[in-house]
Amino acid sequence: MRSSAAIYYHPEGFDTSGSKLMGRQAAGEAFLKAYAENGGMATLYCYCKSEAMFTDFKERLATLTGAQQTAQWIPHQNPNDLAKPGCLFVPGPNTADLVWQRRHFDARGYSVCGVTHTTASEGIMDSIGDLMVAPYQSWDAVICTSEAVRETYRQVLEEWGEYLNERTRGLANAPIQLPVIPLGVDCAGLKAEGKAPRWRQEWRARHDIGEDDIVVLFMGRLSYHAKAHPLPMYLGLENAARESKRKIHLIQAGWFANDTIKKAFAESARTICPSVNAIFLDGRDGNVRQSIWYAADIFTSMSDNIQETFGLTPLEAMATGLPVVVTDWNGYRDTIVDGETGIAIPTVSLPPGLGGDIAFRHAAGLDSYDRYLGHASLCTSVDAGACAKAFQRLIEDADLRRRMGAAGQKHAAEKFDWPVVIASYQALWDALAARRRAAAIIAPRPEGGSAHPLRSDPFALFAGYPTAVLDGKARIALNPGAAGSWFKAIRQNPIVSFAPYLFLPGEETDNLLAKMGEAGESEVDAVLKLVPAESRGLAHRTLAWLTKLNVVRVVSARKRAGG
């Protein structure tokens with residue numbers, strides 16, 4: 001039987017219809033569709049906070065797959081139920097809170113598996129640090145979508161580990177697994193059998209693009225400070241256009257965060273590459289995202305930003321049969337085969353030791369995250385000359401474009417098609433399950449100890465506050481007449497009824513009061529024996545609540561320690 005995982009679900013992480021489309025949202029939506037269609041699961045598990053979110057999950061599945069899926073809700077308040085699927089998959093890397101939550105129950109109950117997107121933010125850096133501090137086990141994982149991402153994790157963990165070793169006398173470690181599994185693409189869906197010629201003709205006619213003209217496509221967020229600086233692309237295309245007799249069009253399909261950035265792109269294209277016809281399209285439009293690939297002859301993405309970790313669009317381009325010209329940059333080098341499926345353009349950045357002030361300004365709140373990214377980008381260069389040569393080769397050689405496009409399509413299908421990627425996920429979850437069964441728990445919860453040392457049981461943490469403790473040896477009795485009309489009235493008052501889940505249900509409370517009335521003054525332990533063993537924790541709390549309501553009185557109780 002194939003391994004399964006519950007999906008940690010919040011609509012924001014899977015919704016691509018918003019005005020600010022993020023790569024993690026596109027990846028989340030694509031994963032959800034692919035897992036539903038390729039995971040081989042009879043039931044899809046959803047771990048979310050509310051029934052409304054679960055309804056959204058089912059509706060989104062139906063929209064993505066075109067069919068009703070059998071789904072089961074695991075509410076956030078019942079994480080122990082995650083033992084049934086055996087793994088909780090989180091569409092992001094921040095999972096520390098979830099492993100702390102698991103420690104309240106059974107550390108072996110299930111695995112927690114996240115996946116990386118950007119790794120440059122303070123929050124993500126903190127989450128990497130959590131890998132050595134939070135109660136992760138060797139059956140947990142953060143999937144790194146590229147070797148570059150794994151190297152970043154290793155670097156941070158090494159430095160953080162050295163710091164913690166100094167603080168903990170050499171006892172710090174991070175047992176979590178760091179497998180490399182790429183993001184996937186729907187190769188069959190992107191082939192667009194029968195539609196591609198029509199889409200190509202429609203887009204090119206709409207923008208007055210001649211049959212022999214060359215179209216270069218960039219798809220993605222249009223941001224010079226947080227995605228891909230357009231300068232090397234503009235310079236490379238301008239030089240290539242001047243050398244070629246063919247008309248060159250550059251389609252940039254994406255979205256701008258604001259009008260200032262939009263104006264900067266338009267003016268820069270006009271002044272830096274005047275020989276190229278620059279066309280801007282809204283990449284948030286579903287029709288654009290689906291069909292614009294087929295208007296193009298070449299795909300390009302000159303990513304030079306530390307915010308990028310994998311890069312899905314070069315894969316999508318290859319799946320549609322386009323040759324790609326991209327930077328030799330982080331995850332991009334994991335996806336293309338230089339010289340076969342496209343051309344990789346060299347990049348250069350600074351050596352370690354020259355960005356400490358940049359990091360400080362961001363950490364101190366002097367610079368925003370976007371400025372932090374932009375500052376690093378301004379010190380990273382892409383070889384514009386190599387870029388021009390790559391464009392010239394592909395512009396002038398139709399056969400090379402066809403060969404690289406075909407090789408890219410084959411490469412995408414063999415390595416990155418969703419069935420292949422989903423199988424890798426499930427193989428990982430199998431391996432995590434085997435570890436979960438065999439490996440020792442690191443730092444197990446002490447018997448009777450708190451699950452989270454910084455989130456302790458309030459009655460333990462503040463044990464010195466009360467005069468006495470309502471423990472099993474305390475003696476209690478009903479106040480005369482209080483279990484009748486008084487209790488019926490007060491139990492509905494909002495000042496005491498706002499947390500019914502803390503106590504026995506109403507009928508069980510009434511039954512307990514009736515038995516207490518028959519028994520008379522008794523020790524708490526004797527009262528607790530009047531209810532089933534599995535309900536005694538709730539019953540003990542209920543007795544405390546009843547004393548607050550003046551229905552039960554404390555005859556005698558042990559004084560607090562030191563009191």
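Just so you know, residue 1 is the first one in the sequence shown, and it goes up from there.
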Donor-acceptor pair, distance only, cut-off 3.5 Å: does the side chain of T509 make one with the backbone of L504?
yes

Are W429 and S111 linked by a side-chain donor-acceptor pair shorter than 3.5 Å?
no

If we ignore angles and hydrogens, is there a donor and acceptor under 3.5 Å between the side chains of S127 and N94?
yes

Between D56 and Y9, do the side chains contain a donor N or O and an acceptor N or O under 3.5 Å apart?
yes

Are any side-chain N or O atoms of W139 and backbone N or O atoms of A107, one a donor and one an acceptor, separated by less than 3.5 Å?
yes

Quick one: pull up OG in S223 and CH2 in W255 and give me the separation to the nearest 0.5 Å.
8.0 Å

Backbone of A96 reached by a side-chain donor or acceptor of Y136 within 3.5 Å:
yes

Within 6.0 Å of CG in N258, more than 12 heavy atoms from elsewhere
yes

Counting distance only, does the side-chain N/O of Q137 pair as donor-acceptor with the main-chain N or O of P175 below 3.5 Å?
no

Quick one: closest heavy-atom pair of W203 and A295, and the distance?
CB-CB, 3.5 Å

Roughly how far apart are I292 CD1 and I279 CD1, rounded to 0.5 Å?
8.0 Å

Output yes when D334 and R150 qualify as a salt bridge under the 4.0 Å nitrogen-oxygen rule, no when they do not.
no

Throw together a table of side-chain donor-acceptor distances under 3.5 angstrom for residues 67-76, partners on residues two or more places apart or in other chains.
from : atom 1 : to  : atom 2 : distance (Å)
Q69  : NE2    : T65 : OG1    : 3.3
W73  : NE1    : C48 : O      : 3.2

Euclidean distance, Q409 CD relative to C187 SG, rounded to 0.5 Å:
8.0 Å

As an exercise, state the distance from CZ of R436 to SG of C87, rounded to the nearest 0.5 Å.
7.5 Å

Indicate yes or no for a side-chain donor-acceptor contact from R435 to the backbone of D140 under 3.5 Å, with no hydrogens or angles considered.
no

For the side chain of S50 and the backbone of M53, is there at least one donor-acceptor N/O pair under 3.5 Å apart?
yes

Counting only heavy atoms from other residues, nucleotides and ligands, does the tally under 6.0 Å from CD of Q77 exceed 12?
yes

Taking the six-membered ring for Trp, are F89 and Y425 closer than 6.0 Å centroid to centroid?
yes

Mind telling me whether H411 and F416 have parallel, tilted or perpendicular rings, with 30° and 60° as the class edges?
perpendicular

Looking at T116 and T145, would you say the former's side chain and the latter's main chain have a donor-acceptor pair under 3.5 Å?
yes

Look only at the side chain of T309 and the backbone of H117, and say whether a donor-acceptor pair between them is shorter than 3.5 Å.
yes

Kindly check if the number of other-residue, nucleotide or ligand heavy atoms within 6.0 Å of CD (E507) is above 12?
no

Nearest-0.5 Å distance that lies between atom NZ in K84 and atom OH in Y45:
4.0 Å

Other residues, nucleotides and ligands only: do more than 12 of their heavy atoms fall within 6.0 Å of CD on Q201?
no

For the pair H229 (side chain) and G374 (backbone), establish whether a donor and an acceptor sit closer than 3.5 Å, ignoring hydrogens and angles.
no

Of all heavy-atom pairs between L44 and Y35, which one has the smallest distance, and what is that distance?
CD2-CE2, 3.9 Å

Closer than 3.5 angstrom, by distance alone: can the side chain of W545 be matched with the main-chain N or O of V496 as a donor-acceptor pair?
yes

Of all heavy-atom pairs between E508 and S535, which one has the smallest distance, and what is that distance?
OE1-OG, 4.3 Å

Evaluate the side chain to side chain contact (heavy atoms under 4.5 Å, CB included) criterion for residues W329 and T380: first the C-alpha distance (whole Å), next the side-chain angles of each, then the deciding distance (0.1 Å), finally the verdict.
CA-CA 11 Å; W329 184 255; T380 300; 3.6 Å; yes

If the plane angle is over 60° it's perpendicular, under 30° parallel, otherwise tilted; pick one for H362 and Y372.
parallel

Taking all atoms of both residues into account, what is the closest heavy-atom pair of P500 and S497, and its distance?
CD-O, 3.5 Å

Taking the six-membered ring of W100, is NZ or CZ of R103 closer than 6.0 Å to its centre and within 45° of its axis?
no

Might you confirm whether atom CZ of R371 has over 12 heavy atoms from other residues, nucleotides or ligands at distances under 6.0 Å?
no

Test side chain to side chain contact (heavy atoms under 4.5 Å, CB included) applied to Q290 and W199, step by step
CA-CA 10 Å; Q290 181 181 32; W199 283 341; 3.8 Å; yes

Between E159 and Q155: side-chain donor-acceptor atoms closer than 3.5 Å
yes

Specify the closest pair of heavy atoms between N38 and P419, including all atoms of both residues, with the distance to one decimal.
OD1-CG, 3.2 Å

A141 versus P179, closest heavy-atom pair with distance:
CB-CD, 4.1 Å

Calculate, to the nearest 0.5 Å, the distance between atoms CG and CG belonging to N287 and D285 respectively.
5.5 Å

